[in-house]
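Notes follow the structure.
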There are 2 protein chains.
Amino acid sequence: MQTADLKMSEKEKKILDAAIGVISEKGFSAASTSEIARQAGVAEGTIFRYFKTKKDILRGILMHLGNVIAELLVVYGLKKILFHEGHEDLRSGIKGVLKDRMAMIDAVFPMLRIVITEAMYHEDIRQILYDKIISRAVEVFAEYHREMVDKGLMKGEIDAVVAGRSILANLVLFFVYRNLFGPMIELDDYDRELDQVIDAIMHGIAMPENCDKK
Amino acid sequence: MQTADLKMSEKEKKILDAAIGVISEKGFSAASTSEIARQAGVAEGTIFRYFKTKKDILRGILMHLGNVIAELLVVYGLKKILFHEGHEDLRSGIKGVLKDRMAMIDAVFPMLRIVITEAMYHEDIRQILYDKIISRAVEVFAEYHREMVDKGLMKGEIDAVVAGRSILANLVLFFVYRNLFGPMIELDDYDRELDQVIDAIMHGIAMPENCDKK
DNA sequence: TTGTTGAGTGAGTAATCACTCATTTTTTGG
DNA sequence: CCAAAAAATGAGTGATTACTCACTCAACAA
């Protein structure tokens, strides 16, 4: 995963990339500016020309994730997959999203890990995360949800937020289970498990009680 | 949330409680042993009589969560609620679990935050987490799942792991959304939203396509 | 009383931290 | 080609870190 913001010098990119690598490995507090500098191939002083404080590096990573990735991950990606790729029915739409998002998460995992960790501890980071990514994602999904409800493919009684969260939630835990706890579990076949996850998202884990609408 | 393991001196308990508080506030690396000592009301040297290194304090917290809380949180609680409290039908069973677990998560959130954060970065912590808590939770839920499938209340096609994960996933994101991002969102009515979450878990977010079994 | 023990202490230690700044190197404009 | 400006450097700074250890002192036994 490369950083590639527009107004950014070569050195700044190198520093940010190195920072993402080091911080994602050891956590923000345990990552030292000296190691980031070494990893980036610059002097320690150079870091502080581009980022006034260490915390500003973190903000830089957040902004980067917000600006570049969110655009790719949320707006462009979701819209394209949900609306324009010939997935008319809900199931293949969701399956497309999940598979695509799964690969995405893999690619941006270092950055995500940093942001998620820091968001758990600092309200200001949470606020940026919400403004830059979550609110936009909710917006896009709400549009999709409205459309699906109109088509009679999704339940109107369940709000967009809850529905979207259900998809995200299952996706995240699926990822965590496989990628973080994978080594200590004998894993099921990937596609089979993903199909079950989609079933759970779409139709739930309970037996359908009856067929007449309540 | 008090620590209360059996073989533990008064001082050790105080240190562990203080450590949970401080580490949960600032994260493991940013938490200093000097502050933990101050918070516990002991000398800094005393800490190292009970815990050889700072990382041993973390292990102490993990063990504490594993031994004392996991029993309460997962095994005892789940079994009681799922099997013995007159919730014969699936819906009220799940609702009971969710509400109960929600309050629990609130209570042990400081400890959970520490463990989750460190588990994201360290395989050894993840291994302990899996052995002490996750594997046990999976075991208990699998038993419940089998019973529910036999009764015709839960789908047999969806594995216990996927089903359990779906419940946990929705629960976790519901909690995160409300407790971490709550301040920056105008929140829906709690019970109404919880009902929707349960609906999503039980019957999914898609419209049921047809009524004949495939 | 005297001697022994061990929990508890807190000043001390070397290492490391984020950050600064005087200096050097590179780039730029005429 | 040169001087001015900008960028990059890395030794240096005070603060802080996890951890040590010589010590205190209350409790108990002889």
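Chain letters run A, B, ... following the sequence lines, proteins first and then strands; every chain starts at 1.
Here the nucleotide nearest the side chain of B/Thr33, chosen from D/dA18, D/dG10, C/dT9, is D/dA18. Among C/dC17, D/dA18, C/dA7, the nucleotide with an atom closest to any side-chain atom of B/Glu44 is D/dA18.
Remark: C1' of C/dT9 and OH of B/Tyr50 are 12 Å apart, rounded to the nearest angstrom. For A/Glu10 and D/dA7, the CD to P distance is 15 Å, given to the nearest whole Å. Taking atom CD of residue A/Glu35 and atom C1' of nucleotide C/dC17, one finds them 13 Å apart after rounding to whole Å. D/dC19 atom C1' lies 17 Å from atom NZ of B/Lys55, rounded to whole Å. Here D/dA11 presents its C1' atom at 15 Å from CZ of A/Phe48, a figure rounded to the nearest Å. We find that CD1 of A/Ile36 is positioned 11 Å from P of C/dC19, with the value rounded to whole Å. Distance NZ (A/Lys54) to P (D/dT16): 15 Å, rounded to an integer number of Å. Spacing between atom CZ of B/Arg38 and atom P of C/dG8 amounts to 20 Å, rounded to whole angstrom units.
Side chain to side chain, B/Ser34 and B/Glu44 fail the donor-acceptor criterion of an N or O pair below 3.5 Å.
Among the atoms of the strands shown, none is found under 4.0 Å from any heavy atom of A/Ala30. Within 4.0 Å of A/Ala37, counting heavy atoms only, lies no atom of the nucleic acid at all.
Between B/Asp195 and B/Arg192 there is no salt bridge, since no side-chain nitrogen of the basic residue lies less than 4.0 Å from a carboxylate oxygen of the acidic one.
Between A/Lys11 and D/dA8 there is a side-chain N or O to OP1 or OP2 distance below 4.0 Å. Proximity of A/Thr46 to the phosphate of D/dT9: a side-chain N or O atom is located under 4.0 Å from OP1 or OP2. Here B/Arg49 reaches the OP1 or OP2 of C/dA7: one of its side-chain N or O atoms lies under 4.0 Å away.
Between B/Ile105 and B/Leu171, the closest side-chain pair of non-hydrogen atoms falls below 4.5 Å.
Under the side chain to side chain contact (heavy atoms under 4.5 Å, CB included) rule, B/Asn179 has a single partner from B/Phe181, B/Tyr177, B/Phe175, which is B/Phe175.
No donor-acceptor distance shorter than 3.5 angstrom exists from the side chain of A/His203 to the backbone of A/Ile198, with no hydrogens or angles considered.
DNA chain C is contacted by both A/Ser32 and A/Gly45; A/Ser32 maps to the nucleotide lying nearer its 5′ end (nearest heavy atom per residue).
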